[in-house]
There are 2 protein chains.
Amino acid sequence: MNKANATSADVAQLAGVSQSTVSRSYDPNSRISKSTRQKVFAAAEKLHYQVNKAAQTMINKRSDLVGLVTAGLGDPFRSEFLNSLVLAVQEKGLRPMIIDVTDEQMLDQQLQTLLQYQLSGVIITSGTPSEAVANAFIARGTPVVLVNRADHSSEADIINFDNEAAGRLAAQEFVAAGKHKVMVVRSKVSSYSSVMRSNGFKGALLEPMRDSSIQVEERFCELGDYDSGIIFGKELIASGGMPDGIFFCMDYIACGFIDAIKHSGVYSIPRDVAIIGCDDITIARYQAYALTTIRQSAKEMASSAVSALQARLDHPSAPPIQQKIGAAVIFRHSFVPNH
Amino acid sequence: MNKANATSADVAQLAGVSQSTVSRSYDPNSRISKSTRQKVFAAAEKLHYQVNKAAQTMINKRSDLVGLVTAGLGDPFRSEFLNSLVLAVQEKGLRPMIIDVTDEQMLDQQLQTLLQYQLSGVIITSGTPSEAVANAFIARGTPVVLVNRADHSSEADIINFDNEAAGRLAAQEFVAAGKHKVMVVRSKVSSYSSVMRSNGFKGALLEPMRDSSIQVEERFCELGDYDSGIIFGKELIASGGMPDGIFFCMDYIACGFIDAIKHSGVYSIPRDVAIIGCDDITIARYQAYALTTIRQSAKEMASSAVSALQARLDHPSAPPIQQKIGAAVIFRHSFVPNH
DNA sequence: TATTTCTGTTCATACGTATGCACAGTTTAA
DNA sequence: TTAAACTGTGCATACGTATGAACAGAAATA
């Protein structure tokens with residue numbers, strides 16, 4: 001059994017036909033008699049024949065491999081998203097190849113070796129330092145899908161969560177709940193998504209038509225992670241001036257903030273300060289956080305991205321697509337609307 | 001620029017040498033004059049030449065692709081581990097290809113198509129219904145590394161977290177702290193890891209030499225996730241008989257339990273009941289949980305697995321390796337040792 | 001019946017790389 | 001000085017598949 005794999009030639013010999021007939025048997029549009037096809041399939045089964053993708057790739061110039069470019073999969077939303085991407089890719093009969101470009105030092109080298117594989121397509125997720133990556137693949141004629149990225153220049157298909165709408169929704173909830181002083185918090189390191197969310201939030205509160213008895217302020221924390229949320233919370237408690245509503249551009253930060261508040265014991269959530277996050281990461285629903293948040297559906301984003309790629313493979317010269325994925329409020333304990 | 005990739009023949013022509021000379025230029029053990037090599041590299045750079053992996057694979061019978069077989073990457077430990085695996089694989093100049101076999105229905109089909117790629121190796125992680133997967137690859141002569149799996153029969157290399165030691169460590173801590181009545185909790189669905197952890201825990205407490213004034217009981221919850229921990233906690237609170245120490249075979253369950261306890265307000269952690277988890281997932285350190293736990297180093301596991309694979313590639317016929325990765329207690333708030 | 005269309009198959013070749021073999025030129029050994 | 005060893009390069013081929021072209025026979029058309 002520890003033999004080399006059976007080839008189509010082996011199958012051909014066993015079935016008593018030519019190699020080309022074997023190959024054509026697997027093409028549904030080919031003119032092959034039923035009896036011959038049966039013979040071929042029987043022989044193939046007996047030999048456990050599996051097509052050699054490497055050989056196939058040489059001819060098709062396509063490997064059915066899809067590159068999923070990401071900057072780490074440490075944080076929960078990213079890994080959920082990647083999980084959904086993997087499943088969606090698999091469902092289409094393609095194979096996901098992960099490319100982690102966390103280490104920017106290695107980016108160039110990574111990119112070089114990546115071009116060696118004849119990828120069918122590349123899906124680039126947010127946070128990636130990827131202008132270069134995208135361009136390199138587009139130059140080679142490999143389809144590229146950008147997810148949650150600012151880039152507009154390219155010929156790539158683009159899938160974006162409706163970040164502005166997310167911010168707007170949060171703002172509307174605070175207004176409807178009669179809040180007087182609200183804050184929006186994002187990380188100093190400006191990611192496209194966070195900036196748009198913050199803009200959406202501020203924009204909705206600064207609309208000229210609105211009688212603005214509501215006060216809004218933008219604040220920053222160091223990074224977009226849990227620890228930054230803790231630090232931000234401690235500082236805000238110490239400095240005073242706690243608002244009655246805060247919109248965090250990332251759930252992660254919100255969770256850190258909540259822990260800081262609870263630990264201090266000074267304020268109560270949502271009575272003194274109501275909190276809305278964004279993304280709906282897994283732990284947002286945990287009782288310790290019970291975070292009201294704007295959901296970004298990882299599943300929906302992923303399946304849209306893969307569908308876009310599939311469409312591009314089917315129609316390589318179609319005009320680029322640009323698609324927005326809707327936002328929705330998920331109510332939990334950290335903010336409760338007036339009913 | 002939207003051209004087909006340059007081939008070694010193109011490089012050869014530009015450099016004024018033969019294709020075989022180009023190929024040999026990239027082999028450090030080949031006899032090539034310095035001047036020729038320089039000419040070749042210069043030409044290659046000018047044409048942005050990158051070797052075609054598909055063609056290379058046909059000759060080498062190796063794609064440098066490593067299959068990472070996993071059952072979903074939803075839960076935090078799994079995704080951390082996968083993250084480490086991806087990085088470790090990339091570091092060796094190999095490429096990670098994810099294979100998610102969550103859907104057992106598709107397993108067979110997945111497996112079939114997988115064999116089409118000439119994978120250099122396969123790393124199979126726990127929870128995978130993978131006896132079949134492993135055997136299929138071994139039969140084809142593809143190296144297989146099993147991580148945290150019970151399988152012993154095969155010719156694969158095996159990397160295991162020292163699950164028994166983890167359980168033992170937890171038990172020893174409870175003994176040293178003078179606990180009287182302890183529990184070990186795992187999911188009904190018996191995974192290899194959980195069973196071994198539980199056995200290690202019970203074994204350490206039932207040693208014949210020990211003067212056993214300590215009472216130990218094993219309990220089960222439905223699944224190995226957060227929600228099961230919540231349910232388990234509620235039931236235990238309702239039924240009474242709260243022990244003074246609980247070892248959870250998975251951090252995940254422990255987090256759910258902690259939330260259930262806090263929500264009920266009846267007991268205090270760690271005063272009434274001390275808690276030790278296992279794995280050290282990301283959120284274990286969050287203030288909401290501050291979980292004392294037995295760390296399973298994802299990084300260490302991953303780099304060991306990849307190193308084992310690398311060794312196997314270098315020496316295909318070496319005897320199978322079996323390696324244990326050590327456990328260590330991480331102290332946080334849910335259990336504080338007497339000092 | 002002669003011609004055309006259709007069906008089912010085989011032949012031959014291309015994809016891009018690595019490598020055994022042959023060979024010419026150069027250096028070392030005898 | 002002649003033989004032997006070594007160095008650097010090119011030629012030819014194999015890897016396994018897909019596909020255009022050719023072709024033989026059957027069926028349909030004129």
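Since the structure is predicted, the reported quantities are computational estimates derived from the model, not experimental observations. Residue numbering restarts at 1 for every chain, and letters A, B, ... go by the order of the sequence lines.
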Can you list the residues that meet the salt bridge (charged side-chain N to carboxylate O under 4.0 Å, His left out) rule with A/Asp162, with sequence neighbours excluded?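 For A/Asp162, no residue satisfies salt bridge (charged side-chain N to carboxylate O under 4.0 Å, His left out) once neighbours in sequence are set aside.
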Residues in salt bridge (charged side-chain N to carboxylate O under 4.0 Å, His left out) contact with A/Asp100, at least two apart in sequence or another chain: none
Residues two or more places apart in sequence or in another chain: which of them pass side-chain contact (heavy atoms from CB on, under 4.5 Å) with [X]?
X        : answer
A/Gln322 : A/His152, A/Ile158
A/Glu91  : none
A/Thr21  : A/Val17, A/Ser18, A/Ser25, A/Ile32, A/Thr36
B/Gln109 : B/Met106

Tell me which nucleotide among D/dC15, C/dC15, C/dT17 gets nearest to the side chain of B/Lys61. D/dC15
Closest approach to the side chain of B/Met58, judged atom by atom: which nucleotide of C/dG8, C/dG16, C/dT17 is it? C/dG16
Given atom [atom1] of [X] and atom [atom2] of [N], what is their separation to the nearest angstrom?
X        : N      : atom1 : atom2 : answer
A/Ile59  : D/dA18 : CD1   : P     : 6 Å
A/Ile32  : D/dA18 : CD1   : P     : 12 Å
B/Asn29  : C/dT19 : CG    : C1'   : 14 Å
B/Gln116 : D/dT17 : CD    : C1'   : 12 Å
B/Asn5   : C/dC15 : CG    : P     : 14 Å
B/Asn60  : C/dT19 : CG    : P     : 6 Å
B/Lys39  : D/dG10 : NZ    : P     : 8 Å
B/Asn52  : C/dA18 : CG    : C1'   : 13 Å

OP1 or OP2 of D/dA18 sitting under 4.0 Å from any side-chain N/O of A/Gln56? yes
Only pairs at least two apart or in different chains count here, so list each salt bridge (Lys or Arg N to Asp or Glu O under 4.0 Å) that has a residue in residues 41-55 of chain B. B/Lys53-B/Asp64
Which of residues 19-27 of chain B sit near DNA chain C, with a heavy atom under 4.0 Å from it?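 B/Gln19, B/Ser20, B/Ser23, B/Arg24 - these, ordered by number, are the residues of the stretch whose heavy atoms sit under 4.0 Å from the strand.
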Side chains of A/Asn60 and A/Gln118, donor plus acceptor under 3.5 Å: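 No, A/Gln118 and A/Asn60 have no side-chain donor paired with an acceptor closer than 3.5 Å.
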If we ignore angles and hydrogens, is there a donor and acceptor under 3.5 Å between the side chains of A/Thr113 and B/Arg95?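 Looking only at side-chain atoms, B/Arg95 and A/Thr113 do form a donor-acceptor pair, the distance falling under 3.5 Å.
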Tell me, please, which residues at least two apart from B/Arg312 pass side chain to side chain donor-acceptor pair (under 3.5 Å).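 Counting only residues at least two positions away or on another chain, B/Arg312 forms a side chain to side chain donor-acceptor pair (under 3.5 Å) with B/Asp157.
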Tell me every residue that passes side chain to side chain donor-acceptor pair (under 3.5 Å) with A/Ser8, counting only those two or more places apart in sequence or in another chain.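 Applying side chain to side chain donor-acceptor pair (under 3.5 Å) to A/Ser8 gives A/Gln19.
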Answer with base, sugar-phosphate or nothing: what part of the nucleic acid does B/Thr57 contact at a heavy-atom distance below 4.0 Å?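 Nothing, no nucleic acid heavy atom in range.
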Can you tell me how far OG of A/Ser304 sits from CZ of A/Phe161, rounded to the nearest 0.5 angstrom?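 Result: 12.5 Å between the selected atoms.
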Describe, as an angle rounded to 10 degrees, how the axis at the first end of the helix from C/dT3-D/dA28 to C/dA30-D/dT1 is tilted relative to the axis at the last end, five pairs per end.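 Rounded value for the end-axis angle: 40°.
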Just to be sure I understand the geometry, which residues of residues 7-18 of chain B put a non-hydrogen atom under 4.0 Å away from DNA chain D? B/Val17, B/Ser18
